[in-house]
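What follows is a short report on a single structure.
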Amino acid sequence: MESQLSASARQQLDRFVRQYLQLQLNLDYPDEEHLRNDTFQLSLHSHLFSENGTKNASPVRYQLRVLKELTSRIEQSIQDWEEEGISDDLMNCLSSLFASSVPSEAISAQQKSYVTYTLSSLPLQDQAAPTITLLEARNLFAASGTTGLRTWEAALHLGNYLCANQGSLVRGKSILELGAGPGYVSVLCSKHLGASHVIATDGSDDVVSSLSTNFYLNDLQDSTIIEGKELKWGQALVGGEHPEWNGGRNIDLILGADLTYDGSEIPQLVSTFGDLFELYPAMKIINAATIRNPRTFEKFLGACRANKFVVEEIKFGIEKAELQEGPFYSDQVPIQLCLITRS
């Protein structure tokens, strides 16, 4: 079906579909010349609104908002109503959504949603870009008070850096992620980048317990490569039933994204860095930080230097938003990557 579309139409279709599946609020709607095309409309329905094409459906409220705007734009694009029209499949879907029970904004904000991220920088798999699907709470703070139930921009940027350097950084390595949240970086390393073992850690019980669902969504439920573990910063690393933490297994690389947004937790975080360096002196840490407050980040750098850690800035720019093909994130807020080692 899509083979009948022009290269421009396919590019705009792919971009729109990927943005929609990532639940982006500001979508790049395709041009009018493509919207009024019957085949293009069929492809939109097949990818986004058909029961067969959407394994993990977007929230009803989001579907309704997007489909209302989409059909309105299609209507405006039509030049000859005798030759062109709005797809019956799209209209039937819109009618069903209007007739359904749509949750309020407040209720919808507290519900978890399936979010699919496209890894456009990796080679195609089965003629499609590889993806990661996670069940997330897209509101800022979950009911439990944690920000760890959604994927933040720094994790997406760190993921892009790892994709660009997977051979030297991740493949065959044992990885530990701090503040893993829904597990985007950990799933990326275990499923797509060839890590030998990945431990996704977080200090929140709710977050750690939700990781198993996201492993399942990415066909990792039976994998021995990845596991979730609670790790509270600043507390001793104890092995539980095993005399050594992590069963005595080596760790090559520590990864973290948006670990430094709360300045009050920086001492505990850096203390955990120190504990891990004691166990694994040769390990490296790569941290990605969205610079919302420069003072907070400077506090983090100062704490690292006070503990005689070597901090090196990693130059890796954010691709302009209009050029991104997935994952999508803002290019307006600076994200700093740094490599941390022990001197």
Side-chain angles (χ1 to χ4, degrees), residues 117 119-123 125 130-132 134 151-152 154-202 208 211-212 214-215 218-231 233 237 239 242 244-259 269-270 272-289 304 309-316 327 335-343:
Y117 301 91
L119 309 174
S120 62
S121 64
L122 295 183
Q125 298 176 359
T131 60
I132 291 173
L134 304 173
T151 301
W152 296 88
L156 300 177
H157 191 56
L158 175 58
N160 281 355
Y161 175 72
L162 296 175
C163 288
N165 298 275
Q166 59 178 299
S168 59
L169 290 176
V170 180
R171 190 169 300 282
K173 302 292 177 60
S174 180
I175 311 287
L176 184 146
E177 184 183 7
L178 295 172
Y184 177 85
V185 172
S186 291
V187 170
L188 172 67
C189 291
S190 58
K191 182 172 183 178
H192 297 290
L193 301 185
S196 62
H197 189 257
V198 177
I199 307 173
T201 73
D202 204 280
V208 173
L211 283 169
S212 59
N214 288 334
F215 294 167
N218 294 279
D219 299 319
L220 293 169
Q221 67 273 20
D222 298 320
S223 174
T224 58
I225 295 175
I226 189 170
E227 61 177 304
K229 184 190 294 283
E230 183 179 356
L231 192 160
W233 303 342
L237 302 176
H242 197 281
E244 296 179 277
W245 189 81
N246 193 32
R249 292 175 298 190
N250 187 51
I251 289 176
D252 302 301
L253 180 65
I254 306 289
L255 297 173
D258 263 335
L259 304 180
L269 172 63
V270 174
T272 294
F273 284 179
D275 291 344
L276 289 166
F277 274 126
E278 287 298 318
L279 292 173
Y280 315 106
M283 76 176 196
K284 298 177 180 179
I285 301 172
I286 297 179
N287 180 60
C304 287
F309 303 154
V310 178
V311 182
E312 302 173 55
E313 181 180 348
I314 298 172
K315 298 289 187 181
F316 187 72
I335 300 175
Q336 177 65 63
L337 295 177
C338 58
L339 172 67
I340 303 169
T341 54
R342 189 162 80 163
S343 59

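- In this structure, Y161 and F316 have perpendicular ring planes: the angle between them is above 60°, well past the 30° mark.
- Atom CZ of F273 is separated from atom CZ of R342 by 14.0 Å, given to the nearest 0.5 angstrom.
- No donor-acceptor pair under 3.5 Å is formed between the side chain of K173 and the backbone N or O of L253.
- Heavy atoms from other residues, nucleotides or ligands lying under 6.0 Å from NZ of K229 number more than 12.
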Run I285 and F309 through side chain to side chain contact (heavy atoms under 4.5 Å, CB included) and show every step you take. CA-CA 10 Å; I285 301 172; F309 303 154; over 6 Å; no
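- You'll find the side chain of I199 reaches within 4.5 Å of the side chain of H197, heavy atoms only.
- Contact annotation: the side chain of L122 approaches that of L193 to within less than 4.5 Å [non-hydrogen atoms, C-beta and beyond].
- Residues P327 and N160 have side chains in contact (heavy-atom distance under 4.5 Å, counting atoms from C-beta outward).
- Atom CG of residue L119 and atom CD1 of residue I132 lie 4.5 Å apart, to the nearest 0.5 angstrom.
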Show your working on side chain to side chain contact (heavy atoms under 4.5 Å, CB included) between L162 and L255 and close with a plain yes or no. CA-CA 10 Å; L162 296 175; L255 297 173; 3.6 Å; yes
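- Within the 4.5 Å cutoff, side-chain heavy atoms of H157 are placed close to those of L337.
- Interatomic distance, CD1 of I340 versus CD of E312, reported as 10.5 Å (0.5 Å rounding).
- Considering only heavy atoms from C-beta on, L259 comes within 4.5 Å of W233 through its side chain.
- Counting all heavy atoms, side chain and backbone alike, L158 lies closest to V185 at CD2-CG2, 4.2 Å.
- When every heavy atom of C163 is checked against every heavy atom of L188, the shortest pair comes out as SG-CD1, 3.9 Å.
- Within the 4.5 Å cutoff, the side chain of D219 has heavy atoms near those of the K191 side chain.
- Counting all heavy atoms, side chain and backbone alike, C338 lies closest to I314 at C-CD1, 3.8 Å.
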Using the side chain to side chain contact (heavy atoms under 4.5 Å, CB included) rule, take W152 and I335 through it: C-alpha gap first, then chi angles, then the decisive distance, then the call. CA-CA 11 Å; W152 296 88; I335 300 175; over 6 Å; no
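- One finds the CG atom of L279 at 6.0 Å from the CG atom of L237 (value rounded to the nearest 0.5 Å).
- Within the 3.5 Å criterion, the main-chain N or O of S168 finds no donor-acceptor partner in the side chain of N165.
- Judged purely by atom type and a 3.5 angstrom limit, H192 uses its side chain to pair as donor or acceptor with the backbone of T131.
- Contact check for S174 versus N250: no side-chain heavy atoms found under the 4.5 Å cut-off.
- Interatomic distance, CD1 of I251 versus CG of L176, reported as 4.5 Å (0.5 Å rounding).
- The minimum heavy-atom distance between N214 and P182, with the atom names listed, is ND2-O, 3.0 Å.
- Minimum interatomic distance between A154 and A257 (heavy atoms only, all atoms of both residues): C-CB, 3.8 Å.
- Under the 30°/60° scheme for interplanar angles, the aromatic rings of Y184 and Y117 are found to stand perpendicular.
- Distance alone, capped at 3.5 Å, places no donor-acceptor pair between the S190 side chain and the I225 backbone.
- Between A180 and D202 the shortest heavy-atom distance is N-OD2, 3.4 Å.
- L269 has its side chain within reach of L178: a pair of non-hydrogen atoms, C-beta onward, lies under 4.5 Å apart.
- For the atom pair CD1 of I254 and CE of M283, the computed distance is 4.5 Å after rounding to the nearest 0.5 Å.
- Judged purely by atom type and a 3.5 angstrom limit, T201 uses its side chain to pair as donor or acceptor with the backbone of E177.
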